[in-house]
Amino acid sequence: MNDKSKSIVGLVIFLALVIFPVLYNFAVGGAGPRPELELPEGESRCVEDKDFMTAHHMDLLLEWRDAVVRQGKKNYTSQAFGEIYEMSLTGTCMNCHTKRETFCTRCHDYADVDNDCWGCHVEPEGQ
Amino acid sequence: MNVFISLAAVVFLFLAGLLGAGAGLDALFGIVIPYIAIFLFLGGLIYRVMIWANVPVPFRIPTTSGQEKSLPWIKQSKLDNPSSTLGVIGRMALEILCFRSLLKNTKTELHEDGHVAYGSSLWLWLGSMAFHWSMLIILLRHIRLFIEPVPGAITFLHKLDGFLQIGAPVFYVTSFIFPIALLYLLFRRLGDPKLRYISLVNDYFPLFLLIGVGISGFWLRYISKTDIASVKELTVGLMSFRPVTPAAISPLFYGHLFLVCVLLGYFPFSKLVHMAGVFFSPTRNLANTNREAHHANPWDYPVKVHTYEEYEDEFREKMKAVGIPVEKE
Ligand code: HEM
């Protein structure tokens with residue numbers, strides 16, 4: 001007697017777990033593509049260059065928060081472009097990226113990021 | 001020496017991934033090697049498990065750690081010495097989820113004045129639990145990169161793991177515990193001369209590999225970030241067999257990924273395969289029914305016998321001729 005049948009059952013379960021992402025993506029009819037983001041019209045650039053913003057925007061936001069809340073500073077000079085911005089989540093970022101739903105949230109849902117900033121900060125009224 | 005070889009190997013592999021992808025080989029490191037690694041992982045695991053599965057199951061080994069099932073008024077230790085399948089499942093679950101055998105680890109010390117002392121030794125168990133459980137949680141969290149839409153349970157796990165709510169992206173407790181526990185396991189080997197003496201490259205290499213994966217992942221999340229949406233395009237592409245290599249991904253990601261691929265390919269052929277092997281532990285997975293049921297030796301084969309009747313049939317005439325009494329005339 002050996003444990004062949006039990007071992008095969010175990011292997012099948014393990015295999016199913018490993019290829020779960022493949023099965024899941026098939027089951028939902030193909031994983032959704034990278035979402036299209038609505039970029040602000042009439043603006044050609046962000047606060048910093050695009051690659052930095054895509055990967056490091058949360059660093060910038062925290063830097064702003066600390067500068068405003070702890071050091072009482074007001075303005076930020078863009079390192080890439082030299083332009084001066086007021087450090088404000090609602091007043092600056094959301095002034096260009098007016099629709100959170102089709103920009104921040106769309107990308108965050110895709111990457112499964114969930115933040116609580118909007119429990120306190122106000123969003124621009126839908127335009 | 002073993003330590004330095006292993007460390008150098010891991011550093012070399014990491015740099016190979018980092019510089020290779022930096023030099024424009026992203027299709028190699030992002031598509032070809034991951035597929036090969038998954039193939040080696042699954043194929044190798046099936047191969048190893050099927051070899052074990054073909055080995056005859058040994059006689060049940062009663063462990064001494066608990067009272068076996070006996071007379072009705074003697075209390076049985078149902079988890080340590082189970083006699084039913086349910087009990088065995090309980091014992092296996094405790095072993096796999098809580099590393100109960102490791103918990104029973106003891107140490108023996110010879111003191112200055114010559115007396116020997118035995119004590120329980122919990123650090124190995126603690127370090128091991130911390131490492132394995134945080135790795136499991138990290139792997140479950142990584143699912144967000146592989147499927148779309150992401151189920152709520154995974155988002156919940158993120159919230160739980162990020163309960164400290166420090167920084168952005170939020171700091172995950174497990175991403176810290178993972179390398180720390182591994183470093184403890186490494187220094188445990190290095191710190192004890194007896195242990196160092198018996199440690200081989202096969203012991204250090206997986207440790208350094210996992211530490212490399214952990215630290216490069218940590219670096220990728222908290223220090224030198226990359227575009228996670230593009231990473232997800234790559235992983236989801238791999239998972240749906242439409243591979244792509246988006247340009248926005250940093251070489252550091254490929255360093256992380258390459259170490260993971262090496263880990264996957266190495267897994268079935270190294271000591272790490274204890275992940276599957278633990279299910280085959282004969283002292284853990286067999287109910288103690290030694291006195292209750294008959295257990296035939298699994299490698300008994302039908303022995304060819306020659307009975308007296310057949311013997312007599314064969315030699316009857318000769319026996320009669322010399323006057324030996326026969327049973328049948
Ligand atoms: C043995 C398997 C792996 C282990 C132990 C591991 C470990 C880690 C750790 C500890 C982190 C730090 C952040 C966190 O805890 O989430 C991390 C981040 C990361 N890992 Fe892995 N990883 C593994 C496999 C993979 C694979 C297969 C991929 C993709 C193909 C991947 C992509 C990433 C990415 C993109 C990050 C950054 C995540 C972020 O910024 O939120 N990892 N990894």
Side-chain angles (χ1 to χ4, degrees), chain A residues 1-37 49-66 89 104 106-117 119, chain B residues 38 41-42 45-46 49-50 52-57 141-151 154-156 158-159 162 165 167-170 222 224-233 235-242 244 246 248-250 275-276 279-280 285-286 295-299:
Chain A
M1 191 193 88
N2 52 38
D3 275 344
K4 221 172 190 164
S5 52
K6 282 185 213 152
S7 307
I8 292 176
V9 172
L11 270 179
V12 169
I13 294 175
F14 181 72
L15 257 142
L17 285 178
V18 172
I19 61 168
F20 165 75
V22 178
L23 302 176
Y24 181 94
N25 286 341
F26 268 114
V28 298
R34 181 187 186 136
E36 288 292 325
L37 303 177
D49 67 68
K50 179 168 180 269
D51 286 347
F52 177 85
M53 289 310 294
T54 311
H56 287 270
H57 58 277
M58 49 293 207
D59 293 342
L60 187 70
L61 284 171
L62 284 208
E63 192 188 322
W64 284 16
R65 182 195 63 192
D66 293 350
L89 178 56
C104 315
R106 205 170 261 184
C107 190
H108 286 174
D109 280 351
Y110 183 61
D112 195 28
V113 181
D114 140 286
N115 54 49
D116 57 0
C117 316
Chain B
I38 293 268
F41 177 68
L42 292 180
L45 217 58
I46 292 172
V49 168
M50 286 325 288
W52 295 330
N54 278 309
V55 174
V57 174
R141 278 202 284 94
H142 271 60
I143 288 184
R144 76 171 167 140
L145 298 171
F146 291 84
I147 60 181
E148 174 65 27
V150 184
I154 302 293
T155 314
F156 175 73
H158 281 124
K159 276 203 179 143
Q165 298 195 323
V170 92
Y222 304 110
S224 176
K225 297 161 195 183
T226 191
D227 177 10
I228 299 298
S230 297
V231 169
K232 185 157 180 177
E233 266 186 292
T235 43
V236 165
L238 284 176
M239 290 298 122
S240 31
F241 306 104
R242 280 190 301 267
V244 285
I249 304 180
S250 71
M275 177 184 85
F279 290 92
F280 289 84
N285 69 8
L286 293 170
H295 298 283
N297 181 356
W299 50 87

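Protein chains get the first letters and strands the later ones, always in sequence-line order, with residue 1 at the start of each. Side chains are part of it too, since the values below use all heavy atoms of this structure and drop only hydrogens, waters and symmetry mates.
No side-chain donor-acceptor contact under 3.5 Å links A:Asp114 to the backbone of B:Phe156.
Atom NE2 of A:His56 is separated from atom OG1 of B:Thr226 by 8.0 Å, given to the nearest 0.5 angstrom. For the atom pair CD1 (B:Ile38) and CD1 (A:Ile19), the distance works out to 10.5 Å, reported to the nearest 0.5 Å. Here the CG atom belonging to A:Leu11 is positioned 6.5 Å from the CG atom belonging to B:Leu45, to the nearest 0.5 angstrom. Taking CZ from A:Phe52 and CG from B:Asp227, the interatomic distance works out to 13.5 Å, rounded to the nearest 0.5 Å. Going from atom CZ of A:Phe26 over to atom CE of B:Met239 covers 11.5 Å, rounded to the nearest 0.5 Å.
Considering only heavy-atom pairs separated by less than 4.5 Å from chain A, the leading option among B:Val150, B:Val170, B:Leu145 is B:Val150. Comparing B:Asn285, B:Thr155, B:Ile228 by heavy-atom pairs within less than 4.5 Å of chain A, the highest count is held by B:Thr155. Comparing A:Thr54, A:Asp59, A:Asp109, A:Asn115 by heavy-atom pairs within less than 4.5 Å of chain B, the highest count is held by A:Asp59. Of the residues considered (B:Val236, B:Thr235, B:Leu42), B:Leu42 shows the highest number of contacts with chain A, using heavy-atom pairs under 4.5 Å. Ranked by heavy-atom pairs shorter than 4.5 Å toward chain A, the options B:Pro246, B:Ser240, B:Ala229, B:Gly162 are led by B:Ala229.
For A:Asp116, the part lying under 4.5 angstrom from a heavy atom of chain B is the side chain only. Proximity to chain A is absent for every atom of B:Phe279, based on heavy atoms less than 4.5 angstrom apart. Residue contact with chain A, scored on non-hydrogen atoms closer than 4.5 Å, involves the backbone and the side chain of B:Ile154 alike. If you measure heavy-atom distances from A:Leu61 to chain B, you find no contacts under 4.5 Å at all.
Not counting sequence neighbours, the partners of A:Tyr24 by the side-chain contact (heavy atoms from CB on, under 4.5 Å) test are A:Phe20, A:Val28, B:Ile147, B:Pro149, B:Pro151.
Of all heavy-atom pairs between B:Pro169 and A:Met58, the closest is CD-CG, 3.5 Å. The minimum heavy-atom distance between A:Tyr110 and B:Glu233, with the atom names listed, is OH-N, 3.6 Å.
The shortest distance between side-chain heavy atoms of B:Ser230 and A:Arg34 falls below 4.5 Å.
Checked options B:Lys232, B:Arg141, B:Glu148, B:Arg144; the residue passing with A:Asp112 is B:Arg144 (criterion: side-chain contact (heavy atoms from CB on, under 4.5 Å)).
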